[in-house]
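Numbers restart at 1 for each chain; the letters A, B, ... are given by sequence-line order, proteins then strands. Only heavy atoms go into these numbers, but all of them, side chains included; no hydrogens, no water, no symmetry mates.
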There are 2 protein chains.
Amino acid sequence: MQAALELYVGQGFDQTTVAEIAELAGLTERTFFRYFADKREVLFWGAGALQELLVSTVADAPESDAPIVAISAAIQAAGAVFQEQREGVLLRQTVIATNTELQERELIKLASLVSAMAGALRQRGVAEPSASLSAEAGIAVLKIAFARWIGEANEQDLAQLIRALFVELKIVTAS
Amino acid sequence: MQAALELYVGQGFDQTTVAEIAELAGLTERTFFRYFADKREVLFWGAGALQELLVSTVADAPESDAPIVAISAAIQAAGAVFQEQREGVLLRQTVIATNTELQERELIKLASLVSAMAGALRQRGVAEPSASLSAEAGIAVLKIAFARWIGEANEQDLAQLIRALFVELKIVTAS
DNA sequence: TACCTGATGACAGTAAGTGACATCGTGTGC
DNA sequence: GCACACGATGTCACTTACTGTCATCAGGTA
C-alpha cells in the first residue's frame, strides 16, 4: 500500500505499473494481485472500516432517533475520522481526482455504504423506502460536505459542515 | 451497439471479447475502439440524451418553481422515457447487474447527471449548496424508484413512483 | 523426522486498450 | 475527367492489467 501510494502520488496513477509497485515493495506482481483485486483497490483499503463505523453508529443510535437523525450521526462520525487524518485523506483525493476509473471505484464504495446503512436502518425497524432514502441522503450530504472541505483553503470542521448540510437538505426538500 | 448488446445478453459481458463484437458487426477491433472508449461504454450511449433531457427540463421549469420541484419534474421526465422503452431498459439492466465494472460506470454516469442538473439549477440562480443537494436528492430518488420499478413484477408507473418517493423524502428529512 | 499448510515465486497466457502508419472511398476544385 | 484532400477504416506492433497453474519454501505439528 505504501509503495503504491508513493508511486501514484509521485508519478501519477496511470503512469504507474503494478510491476513498479511490486518491485518497490520487494515482492512479485503476482503477489500484489493476491492482496488487491486490482490496481485501484489499493486506495480503498480503508473502506471496510468506514462501513463498519457507519453501520455501528446507526445501530447504536438511541431508539428514539428518527432514521435521518441516526444517519446524520453516522455521517458526522465518518467526518470526524476524515478530519483526524486530513493529510492522508487529501493526498489520496488528489490521486483519485486525476483518474476516472478511481472515481468510479470511489462511487461504488459509496454505494456500498448506502446499502450497508440502509440495512442497519432496517435492522432498527425502519421500512423501505425510508431506509434507502435516508441512507442515500446521508451519502449525498457526505459527498458535498467532503468536496467543500477539500476544495476550500480555510480549514472548516467537517462534522460541522455536515450538520449544516443536513439542515440545508431539510429546507430544500421542504418546498 | 446492436452486436455488442446481443453478445452481452447471450453469453455474458465478461465472456464477450471485443474481437467477437467487431466480427459480428463486420468491422475491426480497432474501429470499435474508435467509437467506444471501452467495452463498457457501449451500454451507456444514451446517457448524453438523458442528460440533455434532465438539463432542459430543469431549465424550462417555471421560474416560480422551487429547486426541488424543478428537479422532480426532470426526474419524472426521465422516468417517462424509461417507461416508454421498458423492454430495452430491462434487458440492459440485466446485463449491468451481472458485472461490477458496469455498475461502476453507471454510477459515474449518474454522478455526471447530478453535476449537470446542479449546473442547470445554478443557471436559474440557485446557490450552492442547495443546487447540489437538490440534484443529489433527485438522483437518489431516481435510483430507488428505478430499482423498485425493475424489481417488482407488477408493472407500476415509474413517474408516479418517483412522485411518491419525493413525498417520502420530504417526510424523512423533516424529522 | 515426516508431513501439512499457507504464502510466495515462476511462468505462460488472455484480452483490453493505444499509437503509428497504410489504404481506400468520396467529394471538391479546376 | 483528373488530381487532391480528408475522413473512415484496416493493419500491425506493443504495453500492461489480470488469471490459472504448478513449483518452492518456511514454519508449525504429530
Side-chain angles (χ1 to χ4, degrees), chain A residues 1-49 91-109 111-112, chain B residues 1-49 91-109 111-112:
Chain A
M1 283 179 52
Q2 191 183 322
L5 187 59
E6 198 171 306
L7 290 171
Y8 292 168
V9 170
Q11 59 187 33
F13 178 81
D14 290 326
Q15 285 66 47
T16 302
T17 69
V18 176
E20 288 176 307
I21 301 171
E23 191 188 353
L24 183 56
L27 37 79
T28 309
E29 211 171 327
R30 191 66 184 88
T31 300
F32 175 92
F33 285 113
R34 285 198 181 98
Y35 284 86
F36 306 103
D38 55 52
K39 204 181 144 185
R40 286 146 243 137
E41 201 64 21
V42 189
L43 286 168
F44 299 90
W45 194 250
L91 202 61
R92 208 188 77 117
Q93 216 57 24
T94 60
V95 175
I96 294 180
T98 66
N99 182 279
T100 310
E101 298 199 328
L102 288 174
Q103 291 160 34
E104 292 183 341
R105 181 59 50 87
E106 182 163 59
L107 287 172
I108 209 171
K109 294 294 182 186
S112 166
Chain B
M1 283 179 52
Q2 191 181 324
L5 187 59
E6 198 171 306
L7 290 170
Y8 292 169
V9 170
Q11 59 187 34
F13 178 81
D14 292 325
Q15 285 68 47
T16 302
T17 70
V18 175
E20 287 175 309
I21 301 171
E23 191 189 354
L24 183 56
L27 38 80
T28 309
E29 209 171 328
R30 190 66 183 89
T31 299
F32 174 92
F33 285 113
R34 285 200 182 95
Y35 284 87
F36 305 104
D38 55 52
K39 206 179 143 187
R40 286 146 242 139
E41 202 64 20
V42 190
L43 286 168
F44 299 90
W45 194 249
L91 202 60
R92 209 188 76 117
Q93 215 57 24
T94 59
V95 175
I96 293 180
T98 65
N99 181 279
T100 309
E101 297 200 329
L102 289 174
Q103 292 160 33
E104 292 184 341
R105 181 60 49 88
E106 182 164 59
L107 288 172
I108 209 170
K109 295 293 182 188
S112 165

Going by number, which of residues 39-49 of chain A have a non-hydrogen atom under 4.0 Å from DNA chain D?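 Within this stretch, A:K39, A:R40 sit under 4.0 Å of the strand.
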Which of residues 1-13 of chain A have a heavy atom under 4.0 Å from DNA chain D?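 Per residue number, the list is empty: none.
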In residues 99-109 of chain B, which residues come under 4.0 Å of DNA chain C by heavy atom?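 Those residues whose heavy atoms fall under 4.0 Å from DNA chain C, taken from residues 99-109 of chain B, amount to none.
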Near DNA chain C, under 4.0 Å by heavy atom, which residues of residues 19-36 of chain A?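 Within this stretch, A:L27, A:T28, A:R30, A:T31, A:R34, A:Y35 sit under 4.0 Å of the strand.
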More than 12 heavy atoms of other groups within 6.0 Å of B:Q11 CD: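 Above 12, so yes.
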Got a sec: does the CD of B:Q2 have more than 12 other heavy atoms crowding it under 6.0 Å?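 No.
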Regarding B:R34 and B:E29, does a basic nitrogen lie under 4.0 Å from an acidic carboxylate oxygen?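 Salt bridge flag = no for B:E29 with B:R34.
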Just checking, any donor-acceptor pair under 3.5 angstrom between side chains of A:Q93 and A:E106?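 Side chains of A:Q93 and A:E106: pair found under 3.5 Å.
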What is the distance, to the nearest angstrom, from the CG atom on A:D38 to the C1' atom on C:dA15?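 Value for this atom pair: 16 Å.
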Is there a side chain to side chain contact (heavy atoms under 4.5 Å, CB included) between B:R92 and B:Y8? Walk through the geometry before answering. CA-CA 9 Å; B:R92 209 188 76 117; B:Y8 292 169; over 6 Å; no
Who are the salt bridge (Lys or Arg N to Asp or Glu O under 4.0 Å) partners of B:D14, not counting sequence neighbours?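 Partners of B:D14 by the salt bridge (Lys or Arg N to Asp or Glu O under 4.0 Å) criterion come out as none, since no residue qualifies.
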At the 4.0 Å heavy-atom cut-off to chain A, mark where contacts on DNA chain D begin and end, going 5' to 3'.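 Contact boundaries, 5' end first: D:dT16 to D:dT21.
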